[in-house]
Structure formats: structure tokens, C-alpha cells
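In this text the structure is predicted, and so the values were computed from the model without any measurement.
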Amino acid sequence: MEKCLKCQDNEWPNQERTMCCEKQVEFLSYAGDSLTLAFIISSVILFITAAVILGTFISFQDTPVVKANNHSLSFILLVSIKLSFLSVFLFLGRPVVITCMLRQISFGITFCIAVSCVLAKTLTVYIAFKATKPGSPWRRWMDIKLANWLVFICSSIQCLISLIWLVISPPYVENILSEPGKIIIQCNEGSVVAFYIVLSYMGLLASMSFIVAFLARTLPDSFNEAKYITFSMLLFCSVWITMIPAYLSTKGKYMVAVEIFAIISSSCGLLFCIFLPKCYIILF
């Protein structure tokens with residue numbers, strides 16, 4: 001009588017049922033995965049592009065174009081965009097506990113800082129033009145500290161949400177047997193509610209930026225970046241609105257790829273729509 005041996009959890013019997021073979025493991029691997037290679041190349045190129053633009057702004061920080069758009073906020077925005085491109089690497093490779101905990105938190109905080117800077121820049125433009133009228137009540141809001149405090153408070157709220165998420169129900173690694181012979185290794189958000197609160201708060205800030213920029217779009221054109229901010233926020237919101245159903249309808253490494261694509265696309269929208277026109281004016 002033949003003796004049957006039970007395969008381990010990470011193994012699967014071959015077709016002849018004579019031996020156990022390791023199950024195929026699926027994640028965005030650094031080795032031999034074209035998707036991972038495409039994301040690495042895109043992130044590195046865009047990171048270098050953002051670094052060059054930041055260097056240009058620092059070199060020409062005394063020019064009217066840079067001064068008129070609150071150069072300190074522009075620097076913070078560019079640094080946060082650079083960090084968002086780097087956060088892509090937390091989504092690549094075999095998931096471990098630390099990367100699962102950092103990936104959603106890091107992208108949420110960096111994007112929150114970026115969108116907060118955009119909101120502060122938009123409000124600065126709107127208030128600046130409103131305050132030019134004699135006796136305008138907007139004059140008392142003409143203080144650069146208002147923009148800095150707005151960025152600090154909005155970012156602090158996101159940091160607090162992320163901290164509560166990590167304390168109450170942190171993300172963790174899970175192995176899913178999606179089909180015979182295949183194991184999907186992915187990060188479980190821990191708390192789906194916290195994940196969508198992070199996205200919703202980011203969406204709220206982006207919506208506020210879009211509304212204020214839309215109201216300010218008809219103001220005088222000289223140094224007015226409201227039109228560019230309007231388009232960048234429209235692109236930003238469109239990417240994340242379309243990302244959610246695509247994210248929920250996929251699984252495995254393709255679910256992660258959808259989120260990475262959303263991060264890269266929305267970061268590109270902020271980088272190119274807001275800063276390329278200024279670079280063109282500065283350089284040419």
C-alpha cells in the first residue's frame with residue numbers, strides 16, 4: 001500500500017501526485033518583472049526631473065516669478081513630490097511588515113503635504129488679489145505665516161490619522177491562496193476604514209484647492225498660477241477617483257501596480273502643471 005504524504009502549506013503536488021513542489025509566489029519582484037522595471041525607471045527619471053526643477057528654483061529664487069509664488073512653499077512642494085516618487089519603492093519587492101506599515105503612511109503624508117502646499121499657494125494668490133482693493137478686509141490675512149500654518153495644521157492632521165491607524169490596526173503581510181498552485185503575498189491594510197479616511201482627507205484637501213483655484217482663475221494673469229493649479233487638481237482628483245474602482249477590481253501585484261500608477265500620475269500632474277510653465281519663463 002502506497003504511503004501518502006501531505007504537502008506543506010507552501011507546497012503543491014505535481015500532476016503525477018508523486019512529489020511536492022513549491023507553489024508559485026506572486027508579488028512585484030525586483031527580479032525579472034517588467035512592471036517593476038518600468039516603475040523603477042519612471043520613478044528615478046521623475047525624481048531627477050523634480051530635483052533639477054528644485055535646483056532651478058533655488059538658483060533663481062531672487063527672480064520675480066519665484067518670489068511671487070511663495071518660494072518657501074514651492075520648495076516644500078517640490079521636496080514632497082520628490083518623496084512621493086521615492087515612496088514607490090516601498091511598494092516594490094517582497095512585502096515585509098515594515099514596508100507594509102510604511103507604504104500607505106508615507107505616501108499619504110507626502111501627498112498631504114503636497115496638496116496642503118497647493119491649497120496654501122492658491123489661497124495666497126486669491127487673498128493677494130482680493131487685498132488690493134482699498135479698505136479690503138482681506139488685508140489682515142496678508143501674512144506669509146498663514147500659508148505656513150495652513151500646511152503645518154493640514155499635514156499634522158494626516159500624521160495624527162496615520163499614527164492612530166498604526167496604533168489601533170497596523171498593516172501586516174498576508175499570504176492568499178488565490179488559485180491552486182499560486183500564493184499571493186501582499187500587504188493587508190489592517191483597517192480598511194483608516195485607509196479610506198486617509199484617501200478621503202487627501203481628496204478633501206484636493207477638492208478645496210480645486211474650488212479656490214477655480215474661483216481665482218479669472219484674476220489678472222501676471223504671476224497668477226491659479227489656472228495651472230486648477231488643471232493640476234482636476235488631474236489629481238480624476239486619477240484617484242478612477243483609481244479606487246480599478247484598485248478594488250484587481251488583486252495581487254496588479255492591485256499594487258494600480259496604486260503605484262496613481263501615485264506616479266498624480267505626482268506628475270503636480271510637478272508638470274505647476275512648475276514647468278515657471279521653468280519656461282525663468283529659463284527662456
Side-chain angles (χ1 to χ4, degrees), residues 9-10 25-28 39 76 79-120 148-178 183-209 236-237 239-267 270:
D9 293 338
N10 63 336
V25 178
E26 183 181 280
F27 57 89
L28 278 177
F39 288 139
I76 296 172
V79 170
S80 62
I81 291 173
K82 287 170 62 179
L83 291 176
S84 69
F85 288 132
L86 289 182
S87 69
V88 168
F89 289 92
L90 292 172
F91 291 81
L92 303 176
R94 189 186 186 96
V96 294
V97 175
I98 187 65
T99 56
C100 286
M101 293 177 68
L102 288 177
R103 60 168 58 173
Q104 304 295 356
I105 304 301
S106 61
F107 114 80
I109 291 175
T110 53
F111 266 96
C112 182
I113 295 172
V115 178
S116 298
C117 288
V118 173
L119 177 59
N148 295 338
W149 274 108
L150 182 64
V151 174
F152 176 76
I153 292 171
C154 293
S155 304
S156 298
I157 293 173
Q158 184 74 298
C159 291
L160 181 62
I161 294 171
S162 301
L163 182 63
I164 294 172
W165 181 6
L166 288 178
V167 171
I168 295 177
S169 182
Y172 58 91
V173 183
E174 67 174 353
N175 298 336
I176 300 176
L177 184 63
S178 62
I183 299 175
I184 294 177
I185 302 178
Q186 65 181 25
C187 292
N188 187 304
E189 278 79 17
S191 173
V192 179
V193 174
F195 175 66
Y196 284 108
I197 288 175
V198 168
L199 287 182
S200 300
Y201 180 68
M202 198 167 61
L204 174 65
L205 293 179
S207 301
M208 290 170 62
S209 300
F236 185 92
C237 294
V239 167
W240 285 100
I241 289 172
T242 53
M243 169 264 182
I244 292 173
Y247 183 81
L248 295 174
S249 61
T250 54
K251 60 182 180 180
K253 67 178 184 180
Y254 299 105
M255 183 172 68
V256 180
V258 167
E259 188 170 357
I260 294 174
F261 179 78
I263 291 172
I264 292 176
S265 301
S266 49
S267 299
L270 292 174

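Residues passing the side-chain hydrogen bond (donor to acceptor under 3.5 Å, both in side chains) test with S266 are W240, sequence neighbours excluded. Considering only residues two or more places apart in sequence or on other chains, S209 meets the side-chain contact (heavy atoms from CB on, under 4.5 Å) condition with V115, V118, L119, M233. Residues that satisfy the side-chain contact (heavy atoms from CB on, under 4.5 Å) test with I168, not counting sequence neighbours, are I164. Qualifying side-chain hydrogen bond (donor to acceptor under 3.5 Å, both in side chains) partners for Q158, counting only residues two or more places apart in sequence or in other chains: none. Residues satisfying the disulfide (SG to SG under 2.5 Å) criterion with C187, sequence neighbours excluded, are C100. Residues forming a side-chain contact (heavy atoms from CB on, under 4.5 Å) with V79 (at least two apart in sequence, or on another chain): L54, L83.
Atom CD1 in I263 sits 9.5 Å away from atom CZ in F39 (nearest 0.5 Å). In this structure, CD in Q186 is found 11.0 Å from CG in L28, a value given to the nearest 0.5 Å. Expressed to the nearest 0.5 Å, how far CZ of R103 lies from CG of L92 amounts to 8.5 Å. In this structure, I260 CD1 and M255 CE are separated by 11.0 Å, a value rounded to the nearest 0.5 Å. Distance check, rounded to the nearest 0.5 Å: CG of L270 to OG of S265 gives 11.0 Å.
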Steps toward side-chain contact (heavy atoms from CB on, under 4.5 Å) verdict (L150, S116): CA-CA 7 Å; L150 182 64; S116 298; over 6 Å; no
side-chain contact (heavy atoms from CB on, under 4.5 Å) between Q104 and F91, worked out: CA-CA 9 Å; Q104 304 295 356; F91 291 81; 4.1 Å; yes
Trace of the side-chain contact (heavy atoms from CB on, under 4.5 Å) decision for F85 with I81: CA-CA 6 Å; F85 288 132; I81 291 173; 3.5 Å; yes
In a table with atom names and distances, give each donor-acceptor pair under 3.5 Å that connects a side chain of residues 194-207 to protein atoms at least two apart or in another chain.
{"unit_1": "S200", "atom_1": "OG", "unit_2": "Y196", "atom_2": "O", "d": "2.6"}
{"unit_1": "Y201", "atom_1": "OH", "unit_2": "C154", "atom_2": "O", "d": "2.8"}
{"unit_1": "S207", "atom_1": "OG", "unit_2": "G203", "atom_2": "O", "d": "2.8"}

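Using a 4.5 Å cut-off on side-chain heavy atoms (C-beta onward), W165 and M101 make no contact. A 4.5 Å side-chain heavy-atom check between L166 and P171 finds at least one atom pair inside the cut-off.
Although no hydrogens or angles enter the test, the distance criterion places a donor-acceptor pair under 3.5 Å between the side chain of S249 and the main chain of A246.
Enclosure of atom CE in M208 is not indicated, since only 12 or fewer non-hydrogen atoms of other residues, nucleotides or ligands lie within 6.0 angstrom. By the neighbour-count criterion of 12 heavy atoms within 6.0 Å, atom CZ of F261 is sparsely surrounded, having that number or fewer from other residues, nucleotides or ligands.
Judged as a side-chain hydrogen bond (donor to acceptor under 3.5 Å, both in side chains), the pairs with a partner in residues 82-97 (not counting sequence neighbours) are, in order, S84-S267.
The nearest pair of heavy atoms linking S80 to I113 is CB-CG2, 4.0 Å. The nearest pair of heavy atoms linking V97 to V173 is N-CG2, 3.6 Å.
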